[in-house]
Amino acid sequence: MVLYTEKSKREKMKGHGEEAAAVLLFETKEAKGRTAFKLISLTIFLGIVSIWAYRIICIPRTGRYAWIGMFISELIFGIYWIFTQSARWNVVFRHPFKHRLSLRYEDKLPRVDIFVCTADPILEPPSMVISTVLSVMSYNYPHGKLSVYLSDDGGSELTFYALLEASKFSKYWIPFCKKFNVEQRSPQAYFARNIDMNHPEFKQEICNIKKLYEDMKRRIESAVEKGCISNDIKDQHRGFLEWNSKVTKKDHQSIVKIIIDGWNPNAIDIEGNKLPTLVYLSREKRPGWAHNFKAGSMNALTRVSSKITNAPIILNLDCDMYANDPDAIRDALCFFMDEERGHQTSYVQYPQRYDNITKNDIYSNVAFATNKIELAGIDGFGGTLYCGTGCFHRRESLCGNKYSKDHKFELHNEKSNTKGKTVQELEEECKPLANCNYEKGTQWGKEMGLVYGCPVEDIVTGLTIQCRGWKPVFYNPTKHAFLGIAPTTLDVALIQFKRWAEGLFQIFFSKYCPFIYGHGKINLGAQMGYCVYLLWAPVSLPTMYYVIIPALGLLHNVPLFPEVSSLWFLPFAYVFAAKTIYSLVEDLICGDTLKGWWNLQRMWIIRRTTSYLFAFIDTVIWQLGFAQTSFSVTAKVVDDDVLKRYQQEIMEFGTLSIMFTIIATIALLNLFSLGWGIKNVVFGTILMDLEKFIPQMTISGLLVLLNIPVYQAFFRNDKGCLPSSIVFKSIVIASLACLMPIY
């Protein structure tokens, strides 16, 4: 539970004069209630230590090995809990003063380059991609200082065509947004909501702009459906000459096309105002050359943009994460341009938020407490995680420069790299920067740009930047700066977490392990905060043990916990109750619902027993050299039936997945165990020893309650029900597991 108040930076500046205080562009508030939080944490820790002591002192003769397994599981849980609490130990809250920025620096605002990355025109529809592009082109920011780069790792002429269409539409969309102060500047998101059209002038203009948008969208989707661009369209722009029969997704030359030249005085909208620079980039792909996934794309963008606009500030976004706050750039600049600490700021990370979340967040995509407390706590130690999207960077820090107190980095450089050059000449000069062999023998991917070699390259990049002396910032505004698309099916959600957990665990085994790489460079609290995420995968093992062994113990009358009447039962009861109540209160304060919190507990179990488990297995296989890391793009579109069930908060199980087999098997095992325990109580079989089995019955009972949607999926008639083959396999496996003896 965290409430924000206490001393701000402005208060600390008292006595230095109003002039000095006036240039402060942000304040940092510490969290109130730290003493209470530390007291609660201390009592829980004492309870955990008591549980460890009980396991060591009271080892039974029957079920000894199961008992030792319980001790090891609880030991791992306890250590991991210490890590999670460290992330909450120093929570801070940032607040920018953008009105001060406007008053003092409006004429000195720096250029900003915005990178949008896409990889597949099928999984990431071009109509969605250009809505993101249009949203950032429409920022409340001088458009002469704004440049947007689209990196297309799919090398698709369909995406290029969509960007051409967006460039034409932007001449109407940007003035419309400014005139009517539109908040949601993604046209796709804007037209999807109910719009009040009482004002006659507004009604007419919105009808006109909506028709233009729908016509554009129809042309783009028609081209995507055909899978090619007609010759009539190709003849309208020389850029299509880059595509021929030899160009494929994984084998093509570098393509750089400046679609809108912001330096050109004729690049204006319908009202005569400057348009942002707009650039299409598809870096070279050749068989046998590692392309390093998104990290390689970002590094190519960094180099190409340095040749064209070279803005000191860079914003990078995923193609499905549109700008939701038109003033987000000004908020972020407060952290870079603050006269006291701005020169040390490397990047400003915003939390990931989504615009398609259901009321109770059925798949727990939002993570309210994580965004508002946990990440803010790591920020308090100076260890803000770079999450790969929704992040403003200082170009110098991203390019490998070390922070120095003696050097003041210039943000107001207005020098043009394009003067005296035609667009065609500039495009040709930029192409080698995106070639496969450019990075050979350089520090790109090592000391410069995003780091290669780890699947979750953004986390490693953030860590290396901090170890060079820079200080990042985590900023969680009330108005979400960016909104993306959350997974709408369970299998996609689990695959996504599996990919993250695997990459994070690989970092822990690499030279970039925070305890090794960050030793003496970043705060110990930041190191532990990083490991909260890096150790997702191994925590799957004790969780798997805890959802299986107590259930088997109940089936075979093997007690694994103290009797309820024993004093040893108190630490178990207290730790469980305190952690549960604390988690619930914290989540509710952070904006979640009661049902949303309950869904989070379910997904917590499901992720640990599926996504994290497979991430652990794959990482071990990778460490042994039997496999290589791969990257997969998750689909951003689903059919109408799936979407309807998602909106109704009905869990989707309609695909064949080994993860679903595990989920169903665990649900059935605990149902069988609870049923057996209740039967024994009713018929008096274990009535004499009931006190010994209440904890195990409680665990099985809670797991049964959490798995109610799984049981419902056994009997549903829609396409999202559990496939019959999974139902059969889970029943057989759970039944066989019931016969397993406990030693």
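Worth saying up front: this structure is predicted, and the values here are computed from it rather than measured. We number each residue from 1, following the sequence as shown.
In the model, D491 has no side-chain atom that pairs as donor or acceptor with a side-chain atom of S657 under 3.5 Å. Of the N and O atoms on the side chains of N316 and H393, at least one donor lies less than 3.5 Å from an acceptor on the other residue. In summary, the side chains of Y161 and E157 do not present any donor paired with an acceptor at a separation below 3.5 Å, with no hydrogens or angles considered. Inspection of the Y322 and Q188 side chains reveals no N or O donor paired with an N or O acceptor under 3.5 Å. When only modelled atom types and interatomic distance are considered, S297 and S151 share a side-chain donor-acceptor pair under 3.5 Å. Neither side chain, S364 nor N599, offers a donor N or O lying under 3.5 Å from an acceptor on the other. Checking T118 against E124 by side-chain atom types alone, a donor-acceptor pair falls below 3.5 Å.
Under the salt bridge (Lys or Arg N to Asp or Glu O under 4.0 Å) criterion, E271 pairs with no residue at all, not counting sequence neighbours. In terms of the ring-ring contact (aromatic ring centres under 6.0 Å, His included) criterion, residue partners of F497 (sequence neighbours excluded) are, by chain and number, W500, W536. Residues satisfying the side chain to side chain contact (heavy atoms under 4.5 Å, CB included) test with D458, not counting sequence neighbours, are Y386, V456.
By the 4.5 Å heavy-atom criterion applied to side chains, S167 and Y280 are not counted as neighbours. In this structure the side chain of M216 never reaches within 4.5 angstrom of the side chain of K168, judged on heavy atoms. Using a 4.5 Å heavy-atom cutoff, the side chains of S305 and R395 are in contact. Put simply, the side chain of E183 reaches to within 4.5 Å of the side chain of P326, judged on heavy atoms.
Here the shortest heavy-atom pairing between W243 and I255 reads CZ2-CD1, 3.8 Å.
Under the 30°/60° scheme for interplanar angles, the aromatic rings of F169 and Y213 are found to be tilted.
Shown are K211, Q204, K210, E205; of these, the side chain to side chain donor-acceptor pair (under 3.5 Å) with N208 is made only by Q204.
Checked for salt-bridge contact, D641 and K644 miss the test: no charged N lies under 4.0 Å from a carboxylate O. Salt bridge annotation for E427-R238: present, with a cationic side-chain nitrogen under 4.0 angstrom from a carboxylate oxygen.
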